[in-house]
Amino acid sequence: MELLVVITIIGILIALLLPAVQAAREAARQMQCANHLKQIGIGMHNYHDTQKTFSSGNLRFSNLTSLHSAGGVPCGMFGWPALLLPYTEGQAIAAEIDWSHYAYTYAVGDPFTPHTVTSNPCGDTENKAVAGMCPSFLRCPSAPHEEEVFGSMKDYAVNGGAGFPSRATYTTQAGVFGVFYLNSGINIAQITDGTTHTIMALELSSNSLPEKQANRQTKYENPFLFVNHSDQGYAICSNTTGGHYPPNYLSPDWMRTAHSFHVGGLQAVMCDGSVLFIADYVDMNVWEASFTRANAKAPAALGTAWNVGGGSQTVDAE
């Protein structure tokens with residue numbers, strides 16, 4: 001009898017202990033993820049110290065125009081991670097990039113702009129090997145990673161602004177007054193809302209959550225180097241049709257909604273290099289304001305979707 005009592009007590013203790021162990025493990029993973037975002041922030045500031053601006057969100061070279069395009073913007077461009085590598089611990093990976101050719105992705109893509117070997121190229125094979133070398137600091141330890149080629153996807157995105165006027169506008173100018181866009185070069189002086197209040201980068205897990213998979217040909221959407229038009233590597237929080245996307249919002253229409261596999265929210269590094277945990281229930285005015293570097297210049301094109309400070313704003317020339 002005494003033995004049965006002891007066994008029962010041990011069973012109860014184990015049942016109580018396991019959730020605590022799981023919580024401790026997730027806390028450790030969350031801390032590691034925060035460190036990854038800190039490294040991104042340090043890398044961006046190292047870039048700024050050298051180039052006097054933060055990196056471009058994605059980079060287009062004039063000689064690379066042969067891949068299919070939409071709005072005049074070709075897919076296969078290099079995203080911000082490629083530009084950041086030399087300013088982080090990724091110098092050896094950066095040395096493998098052939099800048100005279102398109103970037104490469106192993107992902108098939110999505111129904112709107114499919115990338116299949118038989119119909120539309122996935123980039124140039126000169127950069128195929130390096131496309132699977134994503135460094136660990138660009139991958140969240142809490143996110144599942146089951147992509148076809150391990151190391152070909154990242155879990156973070158840069159601040160693409162508080163809206164999405166149009167693909168062509170968004171990818172060719174600072175149309176939404178975020179910090180990053182096609183061939184951008186924003187410096188600290190242009191972040192007039194303050195670097196402490198403006199997001200630099202945040203979590204956007206490469207794994208599409210189950211609610212989104214029905215609208216995708218693949219469950220992975222955030223390639224390490226490759227940018228499909230402006231889709232990969234950016235995060236936004238609203239659109240021009242009135243849609244608002246809080247943290248971890250499961251939108252079937254967008255690949256740019258920030259989401260993570262942490263409980264209760266996600267993490268972001270601000271433009272001053274500090275890392276914050278942002279709860280799912282954050283006030284939408286605060287959330288959306290953190291996506292613009294100059295709220296006083298928020299684009300009128302956002303209309304009712306941009307309600308921070310009350311109504312739309314007038315765009316001024318920078």
- Note on the structure: One should read off an interatomic distance between L225 CG and M153 CE, to the nearest 0.5 angstrom, of 11.0 Å
Name each donor-acceptor pair under 3.5 Å that joins a side chain in residues 263-270 to protein atoms two or more places apart or in another chain, with its distance.
unit_1 : atom_1 : unit_2 : atom_2 : d
Q267   : NE2    : Q30    : O      : 3.0

- Smallest separation among heavy atoms of V179 and C271, with atom names: CG2-SG, 4.1 Å
- Can you check whether Q190 reaches T53 side chain to side chain, under 4.5 Å on heavy atoms? no
- Query: Does L204 reach the side chain of Y156, with side-chain heavy atoms less than 4.5 Å apart?
  - Reply: no
- Query: Looking just at side-chain N and O atoms, do D98 and N127 make a donor-acceptor pair shorter than 3.5 Å?
  - Reply: no
- Message: Strictly distance-based, threshold 3.5 Å: is any side-chain N or O of T195 a donor or acceptor partner for the main-chain N or O of I191?
- Response: no
- C237 versus M284, closest heavy-atom pair with distance: O-CE, 4.4 Å
- Message: Rounded to the nearest 0.5 Å, what separates atom CH2 in W287 from atom CD1 in I278?
- Response: 5.0 Å
- With sequence neighbours left out, which residue pairs that include part of residues 81-94 fulfil the side chain to side chain donor-acceptor pair (under 3.5 Å) condition? Q51-Y87
Would you tabulate the side-chain donor-acceptor contacts of residues 76-86 under 3.5 Å, counting partners in other chains and residues two or more places apart, or write 'none'?
unit_1 : atom_1 : unit_2 : atom_2 : d
W80    : NE1    : G233   : O      : 3.0

- Item | Shared hydrophobic cluster for F277 and I199 (ILVMFWY, side-chain gaps under 4.5 Å) | no
- Message: Do N58 and Y234 pair up side chain to side chain, a donor and an acceptor below 3.5 Å, judged on atom types alone?
- Response: yes
- Message: Using side-chain heavy atoms (C-beta onward) and a distance below 4.5 Å, is P223 in contact with S152?
- Response: no
- Would I93 end up clustered with W99 when hydrophobic side chains under 4.5 Å apart are linked, directly or stepwise? yes
- Query: F180 and I188: same hydrophobic cluster, using ILVMFWY side-chain contacts below 4.5 Å?
  - Reply: yes
- Item | H197 side chain reached by S290 side chain, heavy atoms, under 4.5 Å | no
- Task: Please report the C-alpha distance between H36 and C140 in whole Å, then the side-chain angles of each, then the deciding distance to 0.1 Å, and finally whether the side chain to side chain contact (heavy atoms under 4.5 Å, CB included) criterion is met.
- Result: CA-CA 8 Å; H36 290 176; C140 174; 5.6 Å; no
- Task: Locate the shortest heavy-atom distance separating T292 from D193; write the atom from each residue and the value.
- Result: O-OD2, 2.9 Å
- Which atom names give the shortest non-hydrogen contact between A131 and Y106, and what distance separates them? CB-CE1, 3.8 Å
- F54: ring pair (Phe, Tyr, Trp, His ring centres under 6.0 Å) partners, not counting sequence neighbours: H45, H48
- Message: By the salt bridge (Lys or Arg N to Asp or Glu O under 4.0 Å) test, which pairs, at least two apart or in different chains, include something from residues 260-273?
- Response: none
- Query: Is any side-chain heavy atom of I186 closer than 4.5 Å to a side-chain heavy atom of Y181?
  - Reply: yes
- Task: Kindly determine whether N159 and T198 satisfy side chain to side chain contact (heavy atoms under 4.5 Å, CB included), including the steps that lead there.
- Result: CA-CA 9 Å; N159 174 5; T198 306; 4.0 Å; yes
- Do any N or O atoms from the side chain of K38 and from the backbone of G273 form a donor-acceptor pair under 3.5 angstrom? yes
- Query: Is any side-chain heavy atom of N222 less than 4.5 Å from a side-chain heavy atom of S205?
  - Reply: no
- Note on the structure: Nearest heavy-atom contact between S56 and L59 is OG-CD1, 4.1 Å
- Output the distance between atom CG (N248) and atom OH (Y281), rounded to the nearest 0.5 Å. 13.0 Å
- Message: How long is the straight-line distance from CE of M200 back to CG of L37, given to the nearest 0.5 Å?
- Response: 10.5 Å
- Shared hydrophobic cluster for I42 and L202 (ILVMFWY, side-chain gaps under 4.5 Å): no
- Pairs where residues 135-145 contributes a residue and the test side chain to side chain donor-acceptor pair (under 3.5 Å) is met, not counting sequence neighbours: E26-S142, R139-E147, S142-H262, H145-D155
- Message: So which atom in K128 and which in Y104 form the shortest heavy-atom distance, rounded to 0.1 Å?
- Response: CG-CE2, 3.6 Å
